[in-house]
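Okay, structure first, notes after.
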Amino acid sequence: MDVPLPHLDRPFDYLISAADDAVAQPGVRVKVRFAGQMVNGFLLERVESSTHAKLAYLDKVVSGERVLDPEIARLARAIADRYAGNLSDVLRLAIPPRHARVEAQPEPAAAEAAGDPAAEAARDAAAVAAHEATVEVARDAAAVASPDAGCGVADDAARDAVPDAPRDAARVVAADIKRAPDAVRDAALDAASDTAHVPVSEAASDVATDPVRHAIAEVPRDSGARPAPDVGVETAVSGTGWDDYPAGPAFLHALEQGRDARAVWSALPGEDWPARIAEVAAATVRGGRGVVVVVADARDLDRVDRALTKVLGEGRHVALHAAAGPSERYRRFLAASRRRVRVVAGTRAAMFAPVADLGLVVIWDDGDDLHAEPRAPYPHAREVLLTRAQLAGCAALVGGFARTGEAQLLLETGWAKEIVAGRDMLRARSPAVAPTGDDSQLARDPGAVTARLPSLAWQTARQALQGGAPVLVQVPRRGYLPSVACAECRMPARCPHCSGPLGLAGARAVPTCHWCGRAAAAYACPACGGRRLRASVTGARRTAEELGRAFPGVPVRTSGRDEVLDTVPGDAAVVVATPGAEPVAEGGYGAVLLLDTWALLTRADLRAAEETMRRWLSAAALARPGAAGGRVVVVADGSLAPVQALLRWEPGWFAARELAERRELGFPPAARFASLTGRAEAVAELLAAARLPQGAELLGPVPAPEDQERMLVRVSRGRAAELARALHEGAAVRSAKKAALPVRVQVDPAELL
DNA sequence: ATAATAACGAGA
DNA sequence: CTCGTTATTATC
């Protein structure tokens, strides 16, 4: 129901008139009278009776289009629960606005779809399942004397007029899921970890999602609908780019067999990753199941889109993204929901795409902050897709050049397996990486060379250009919040009490924690004992013209926020790009320069190091292999961990180190945070109403914009589900009391300053 | 928003 | 003790 009030976040039952009986199927949009006004909703399921005494009639069925897939309904509930949000908010993200004209238009490729026997069979199987589910619910439901259908006509008359007049009720809005699906997946992640364990409710011992039995990757799928996988035969799919990874062919094979293999994939430098994703998608389709692929931005989507067309052929998949416009967006949504295509690729909006008989979810570059949804309840695409894989019992692939702490946790808990290349393959493909100190200040000849380009960087670039190869220069974007670091050793300064980052309000101000607000007047660096702090300041962005002066006669191109280049030719040119906007060069770059790294590394964000690593690896991956002359120069101290990881091309080593450190400090994903933002009295009211789990740690308040404040709540991973429930209930108490002042509740807030 | 229901207080 | 009025609460 389209009422985003926490205390009304549950299904409501309505009677269905005889006239609506046929069209009132689960998943359709409906209009109902609710609290005196007409509201929109989705029909969740048909039940024979309701425990509610006096039911109203469904006002009308908006359209017979079943836009809310049962799988998505379950997923949406799980995501709402995980993020302490409302189902209606999640459904708004999951289902695009209706476009009546598009809905009425004939299917463009209807003939092809109708002729597909596999699709036909899938449809039948799904129909049977849906029917049984309804029966199951009806048997459980308490008997109730409900007024009959028939639009106001008396009982008997109605039954006479329409012999099969239904006496059904419709459950509108949400599935009556009795277990907490969030706990299921979290328990899976916790199963092998040392943190407290979430007790899985009895109802959750449902085999299909049993976390313990399915904690090992590549478990045969528990489904009678599909022939059991061939366990004994180890036929691997070969002849694809996945042959470069020891575990690759077996993963493809598992997908063809319809098994729920789950993997974290560290792509080789220079990898044509869209082609690899197309290959896993094709393998899943060969196995008779569907695929959802989520990438961070439109540029990545274009590449995946092209690769999918190449491998699957025309009209076999759709690309979903916001830029397409409302009607096109709805058209493509319908292509998936009507089972015309089995493969959907898209930006984060595609994470809820209704793909029938889902076999695989893929997320590329899960560290990109574009994967975090900015609308309530702020779900992250990686979490949505992994929850989806867990609930649907399908395969999952988390890929990237870099590896996030969350992906590392999936490996360490045994939820997923690693797909990485062997050492030799890695050596053959990696560019030669060298660190260099920033010696530019020492340049004798500042007029001839650009003032701030270190000599090694300059020499490397010149060499590549002379060889006729393009050079990529990565410069960070301006505007990162500077944080505070030790003036001696540049170690980021953290709060002695809660490990939050320290900030300096002014030049002479006492350093203060961004999380708990405590002043750290007597701060001493834990690494070197230094007592002086400095705020790191992003240096002035080097302009393309400055670089042009450094390399006279060479064309300089830029790719950044306003104009993003997809590709550049393989000729001598300097390409200046901000992170995430690096074009792919034909044949690879001869040299990649990573400049102004200090600004990246000292950002006032928990993920500064991880993010730096991600951006370096993504840029460095565009260089040629070292054997073909590919060079990477990173202007940073060679002893820093991210630099080390880049030199040896070991994203896994870095992620493991990072995760261990976060465990130590109580950072996500080792702990779970929630932030509450609002006016002080409102935040206090919510906290008073919420029964926070044991051991919940309150940090703050710190001031927030517009006269507001922010509180952080930290709990162990094992209590994460409890925390979300408590916050949702707290919000429900407040909304039931019609509390006027809003409080924004964010579980896993995108930025933890 | 609005309807039901509980709570309350004044006058019989 | 009843009736009329007002706060409270649930919203099929």
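In what follows, chains are A, B, ... by sequence order, proteins preceding strands, each numbered from 1.
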**Message:** Which residues pass the salt bridge (Lys or Arg N to Asp or Glu O under 4.0 Å) test with A:Glu103, not counting sequence neighbours?
**Reply:** A:Arg98

**Asked** Going by an N to O cut-off under 4.0 Å, is there a salt bridge joining A:Arg691 and A:Glu729?
**Response** no

**Complete:** The correct set of residues in residues 28-35 of chain A placing a heavy atom under 4.0 Å from DNA chain C is A:Arg33, A:Phe34, A:Ala35

**Fill in**
Nearest heavy-atom approach of A:Ala76 to A:Leu91 is CB-CD2, 3.8 Å

**Request:** Please report the C-alpha distance between A:His321 and A:Thr347 in whole Å, then the side-chain angles of each, then the deciding distance to 0.1 Å, and finally whether the side-chain hydrogen bond (donor to acceptor under 3.5 Å, both in side chains) criterion is met.
**Result:** CA-CA 6 Å; A:His321 61 302; A:Thr347 48; 5.8 Å; no

**Message:** One thing to verify: whether A:Asp9 and A:Arg77 come together as a salt bridge, which I'm taking to mean a side-chain N less than 4.0 angstrom from a carboxylate O.
**Reply:** yes

**Item:** Derivation of the side-chain hydrogen bond (donor to acceptor under 3.5 Å, both in side chains) call for A:Gln105 and A:Arg331
**Value:** CA-CA 9 Å; A:Gln105 276 166 5; A:Arg331 194 191 317 278; 2.4 Å; yes

**Prompt:** Roughly how far apart are A:Leu320 CG and A:Met351 CE, rounded to 0.5 Å?
**Reply:** 12.0 Å

**Item:** Start and end of the DNA chain C segment that chain A contacts, any atom under 4.0 Å from a heavy atom
**Value:** C:dA10 to C:dC12

